[in-house]
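Heads up: the structure comes next, in structure tokens.
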Amino acid sequence: MTLLRIRTYPDPVLRVRCEPVAAVDDEVRRLLDDMLETMYAAPGIGLAAPQVGVSRRLVVVDVSEDKNEPLQLVNPEIIWRSDECEVAEEGCLSLPEIYGEVQRARAVRLRYLDREGTLRELEAEGLLARCLQHELDHLDGVLFIDHLTPVRRNLLLRKYRKLQRGQRAKKTEPAGA
């Protein structure tokens, strides 16, 4: 398996609506496996294909404490959302070190293809439901910051840009400085 480069904001691939996967084949399974390895190494609890530069409808998730319950979803779609919502802090591998309070449905039901191409449904609540909604947003070019008020979003983006400038400055410092 291969570790993939995680794309960060403002990479344009993060704003593209992804194309459905025509068939689940060895190439798709290899990409799902690479995405899972990349997510675990990051470390994260979810990763969508556009976050690794691929505009296809693929998501991997593992919210288990021991990181031993991976989900690999092809062409996932939410077919039901609970009326009950929850607000919780979210972050994103594509916006490192940035967090915001996001309101999402407390429970969802998804329809997707598994890694063998079998149509499945999944009901989720709590953290898993939140993570799935977050990752499926990525497939439509939506980032968690898009769910925030404009004032809060602008504040976080200023903080993010400042962090990015600081990291670039560290990379260009001479050794031993």
> E123: what forms a side-chain hydrogen bond (donor to acceptor under 3.5 Å, both in side chains) with it, not counting sequence neighbours?
Replying inline: R109
> Which heavy atom of L3 sits nearest a heavy atom of A41, and at what distance?
Replying inline: CD2-CB, 3.6 Å
>> Do L31 and V59 land in one hydrophobic cluster if side-chain heavy atoms of ILVMFWY residues count as linked below 4.5 Å?
In response: no
> Between R130 and E90, is there a donor-acceptor pair closer than 3.5 Å when you use the side chain of the first and the backbone of the second?
Replying inline: no
>> For the backbone of R7 and the side chain of S94, can you confirm whether one donor and one acceptor N or O come within less than 3.5 Å of each other?
In response: yes
> Considering residues at least two apart in sequence or located in another chain, which fulfil the side-chain hydrogen bond (donor to acceptor under 3.5 Å, both in side chains) criterion with R15?
Replying inline: D146
>> Between L132 and L128, is there a side-chain heavy-atom distance shorter than 4.5 Å?
In response: yes
> Excluding sequence neighbours, so at least two apart, what forms side-chain hydrogen bond (donor to acceptor under 3.5 Å, both in side chains) with D140?
Replying inline: R17, R57
> Does D114 reach the main-chain N or O of Q72 with its side chain, forming a donor-acceptor pair under 3.5 Å?
Replying inline: no
>> Strictly distance-based, threshold 3.5 Å: is any side-chain N or O of D34 a donor or acceptor partner for the main-chain N or O of M1?
In response: no
Return a table of donor-acceptor pairs under 3.5 angstrom between the side chains of residues 18-26 and protein atoms on other chains or two or more places apart.
{"from": "D25", "atom 1": "OD1", "to": "E27", "atom 2": "N", "distance (Å)": "3.2"}
{"from": "D25", "atom 1": "OD1", "to": "V28", "atom 2": "N", "distance (Å)": "3.0"}
{"from": "D26", "atom 1": "OD1", "to": "R29", "atom 2": "NH2", "distance (Å)": "2.9"}

> For E125, which residues count as a salt bridge (Lys or Arg N to Asp or Glu O under 4.0 Å) partner, sequence neighbours excluded?
Replying inline: R106
> Can you name the side-chain hydrogen bond (donor to acceptor under 3.5 Å, both in side chains) partners of E135, sequence neighbours left out?
Replying inline: none
>> Looking only at the side chains, is there a donor atom on one of Q51 and D11 sitting less than 3.5 Å from an acceptor on the other?
In response: no
> With sequence neighbours excluded, what pairs up with R81 under the salt bridge (Lys or Arg N to Asp or Glu O under 4.0 Å) test?
Replying inline: none
> Which residues pass the salt bridge (Lys or Arg N to Asp or Glu O under 4.0 Å) test with D137, sequence neighbours left out?
Replying inline: R104
>> Restricting to side-chain contact (heavy atoms from CB on, under 4.5 Å), what partner residues turn up for L156, sequence neighbours left out?
In response: I98, L148, R152
>> Does any part of the side chain of R120, heavy atoms only, come nearer than 4.5 Å to the side chain of L122, both counted from C-beta?
In response: no
> Can you find a side-chain donor-acceptor pair between E97 and Q167 that sits under 3.5 Å?
Replying inline: yes
> Can you list every ring-ring contact (aromatic ring centres under 6.0 Å, His included) pair that touches residues 109-146, not counting sequence neighbours?
Replying inline: H134-H138
>> Going by salt bridge (Lys or Arg N to Asp or Glu O under 4.0 Å), name the residues that satisfy it together with E121, two or more places apart in sequence or in a different chain.
In response: R111
> How far apart are the closest heavy atoms of A105 and S82, and which atoms are they?
Replying inline: CB-O, 3.8 Å
> Do L93 and I45 share a hydrophobic cluster (ILVMFWY, side-chain heavy atoms under 4.5 Å, transitive)?
Replying inline: no
> Would V13 and M35 show up in the same hydrophobic cluster when neighbours are defined by side-chain heavy atoms closer than 4.5 Å?
Replying inline: no
> Is V151 isolated, or which residues cluster with it under the ILVMFWY side-chain rule of less than 4.5 Å, directly or via members?
Replying inline: none
> Is there a path from I145 to L14 through hydrophobic residues (I, L, V, M, F, W, Y) whose side chains come within less than 4.5 Å of each other?
Replying inline: yes
>> Would you say that P70 contacts V60 through its side chain, given a criterion of any heavy-atom pair below 4.5 Å between the two side chains?
In response: no
